[in-house]
Student: 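I am attaching a structure below and will ask some questions about it afterwards.
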Amino acid sequence: MRRKRKIRLKKLISFIFIIILLTITASAQEADKQPLSQSMELLLLITVLSLAPSIIIMMTSFTRISIVLSFVRNGLGLQQTPPNQVLIGLALFLTLFIMSPVISQVNNDAIKPYTQGEITQEEAFSSAMKPIRKFMLKQTNRQEMKLFLKLSNQETVKDYDDIPNEALIPAFILSELKKAFIMGFMILIPFLIIDMIVASTLMSMGMIMVPPVMISLPFKLILFVVVDGWSLVVKTLVTSFT
């Protein structure tokens, strides 16, 4: 299992680097048809390394997962438990699990043929973007898509293939934020009810000086453990992308 996870993680890293490199080189060569020099390739490689985290956040399921996990921690009333490193690590591996079909398709259709010299950079970029665009289009709301198409003066789009990436990506991010906040709101409701019950009970008993959070925290933890909260949250997150 550990070996499979390492292989998947290597595929994810290579997938991200290839996508960014293809994006930059394709745009650069469209502007200038001359081949890139070694210094330019080094500059592009440094740019790839700096942009990799942003690509993970913007074009995958990482945004929704990380926000929902943060809502869970805030709903429980825990400040640094679980720590940020644990939540980010869980979000990364859940992203790897959810995006594994897309990564495999990109690897088979774009990365392998490109590294073997069977296709050009433009063809590799086009092949790599197809499964990514399909994933983003499936998760993007119509309202957000219409908004960015309107802002880009491209309201009359006949086919999904005609939607530009500069409109699709921000629409996808906005949709992910919206869905994450809706899920977070649903998660906070039971915790809010417990806080209100504890606060009203303390008020009726005349214990005004006792912080309600101190009393409600054990009850929220017990409820979360009894219902197997982490498994429910993870299951809901994974199934929300199907």
Side-chain angles (χ1 to χ4, degrees), residues 5 8-9 12 16 52-103 132 135-145 147-148 168-203 210-242:
R5 288 180 180 176
R8 288 183 176 180
L9 187 58
L12 177 62
I16 296 167
S54 300
I55 296 298
I56 296 177
I57 293 173
M58 290 187 297
M59 300 174 62
T60 64
S61 57
F62 180 83
T63 302
R64 189 191 307 182
I65 296 172
S66 59
I67 293 176
V68 171
L69 293 179
S70 298
F71 269 107
V72 172
R73 184 174 66 181
N74 293 334
L76 288 170
L78 303 173
Q79 298 297 325
Q80 295 296 329
T81 305
N84 291 328
Q85 293 85 347
V86 174
L87 292 183
I88 296 299
L90 178 60
L92 283 173
F93 278 99
L94 286 177
T95 302
L96 176 62
F97 178 80
I98 294 170
M99 299 295 296
S100 56
V102 179
I103 296 172
I132 301 174
F135 171 79
M136 290 192 293
L137 284 168
K138 185 178 179 180
Q139 302 300 326
T140 304
N141 298 329
R142 285 188 175 181
Q143 185 177 358
E144 282 74 19
M145 181 62 68
L147 171 64
F148 283 97
L168 174 60
I169 294 175
F172 168 74
I173 298 173
L174 202 61
S175 300
E176 289 295 287
L177 290 174
K178 183 177 180 180
K179 293 176 182 178
F181 273 73
I182 292 174
M183 295 178 68
F185 173 75
M186 300 301 294
I187 290 172
L188 289 178
I189 288 178
F191 298 132
L192 179 62
I193 293 174
I194 294 177
D195 288 333
M196 293 177 63
I197 293 174
V198 171
S200 61
T201 303
L202 293 175
M203 185 75 68
V210 179
V213 177
M214 185 176 66
I215 306 299
S216 63
L217 178 59
F219 290 100
K220 289 190 287 187
L221 289 177
I222 291 173
L223 174 64
F224 196 71
V225 172
V226 168
V227 301
D228 198 7
W230 288 114
S231 297
L232 288 175
V233 171
V234 170
K235 181 181 178 180
T236 304
L237 281 170
V238 174
T239 54
S240 66
F241 289 96
T242 57

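Keep in mind that the numbers below use all heavy atoms, side chains included, and drop hydrogens, waters and symmetry copies. Because the structure is predicted, anything quoted here is derived from the model rather than measured.
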Student: For residues Asp195 and Lys220, determine if any side-chain heavy atom of one lies less than 4.5 Å from a side-chain heavy atom of the other.
Tutor: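 Contact flag for Asp195/Lys220 side chains = yes.
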Student: For side-chain contact (heavy atoms from CB on, under 4.5 Å), just list the numbers for Leu237 and Met183, CA-CA rounded to whole Å, side-chain angles, deciding distance to a tenth of an Å, and then say yes or no.
Tutor: CA-CA 9 Å; Leu237 281 170; Met183 295 178 68; 3.7 Å; yes
Student: Is there a side-chain contact between Ser61 and Phe135 (heavy atoms, below 4.5 Å)?
Tutor: yes
Student: For the residue pair Phe181 and Phe71, does the interplanar ring angle fall in the parallel (under 30°), tilted (30 to 60°) or perpendicular (over 60°) class?
Tutor: perpendicular
Student: Rounded to the nearest 0.5 Å, what's the gap from CD1 on Ile194 to CG on Leu223? Could you check?
Tutor: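 The distance works out to 4.5 Å.
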Student: Hey, mind stepping through Leu96 and Ile103 against side-chain contact (heavy atoms from CB on, under 4.5 Å) and telling me if it holds?
Tutor: CA-CA 9 Å; Leu96 176 62; Ile103 296 172; 4.0 Å; yes
Student: Locate the shortest heavy-atom distance separating Phe62 from Thr95; write the atom from each residue and the value.
Tutor: CA-OG1, 3.4 Å
Student: Considering only heavy atoms from C-beta outward, does the side chain of Trp230 approach that of Val72 to under 4.5 Å?
Tutor: yes
Student: Give the intermediate values and the outcome of side-chain contact (heavy atoms from CB on, under 4.5 Å) for residues Phe148 and Leu168.
Tutor: CA-CA 8 Å; Phe148 283 97; Leu168 174 60; over 6 Å; no
Student: Dump the intermediate steps for side-chain contact (heavy atoms from CB on, under 4.5 Å) on Ile187 and Thr236, then the final yes or no.
Tutor: CA-CA 11 Å; Ile187 290 172; Thr236 304; over 6 Å; no
Student: Tell me which one of Arg64, Gln139, Lys179 satisfies side chain to side chain donor-acceptor pair (under 3.5 Å) with Ser240.
Tutor: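 So the option named by the test is Arg64.
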Student: Any side-chain heavy-atom pair from Met136 and Val102 closer than 4.5 angstrom?
Tutor: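 Of all side-chain heavy-atom pairs linking Val102 with Met136, none is under 4.5 Å.
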Student: Check each of Ile98, Leu90, Leu87 against Ile65 using the side chain to side chain contact (heavy atoms under 4.5 Å, CB included) test, and report the only one that passes.
Tutor: Ile98
Student: At their closest point, which heavy atom of Leu69 faces which heavy atom of Val233, and how far apart are they?
Tutor: CD2-CG1, 4.2 Å
Student: Compare every heavy atom of Leu76 with every heavy atom of Leu217, then report the nearest pair and how far apart it is.
Tutor: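 Looks like CD1-O, 3.0 Å.
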Student: Side chains of Met145 and Asn141, heavy atoms from C-beta outward: is any pair under 4.5 Å?
Tutor: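 Of all side-chain heavy-atom pairs linking Asn141 with Met145, none is under 4.5 Å.
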Student: Is there side-chain contact between Ser231 and Asp228, with at least one heavy-atom pair below 4.5 Å?
Tutor: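 Of all side-chain heavy-atom pairs linking Asp228 with Ser231, at least one is under 4.5 Å.
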Student: With no hydrogens and no angle check, is any side-chain donor or acceptor of Thr140 less than 3.5 Å from a backbone partner on Ala171?
Tutor: no
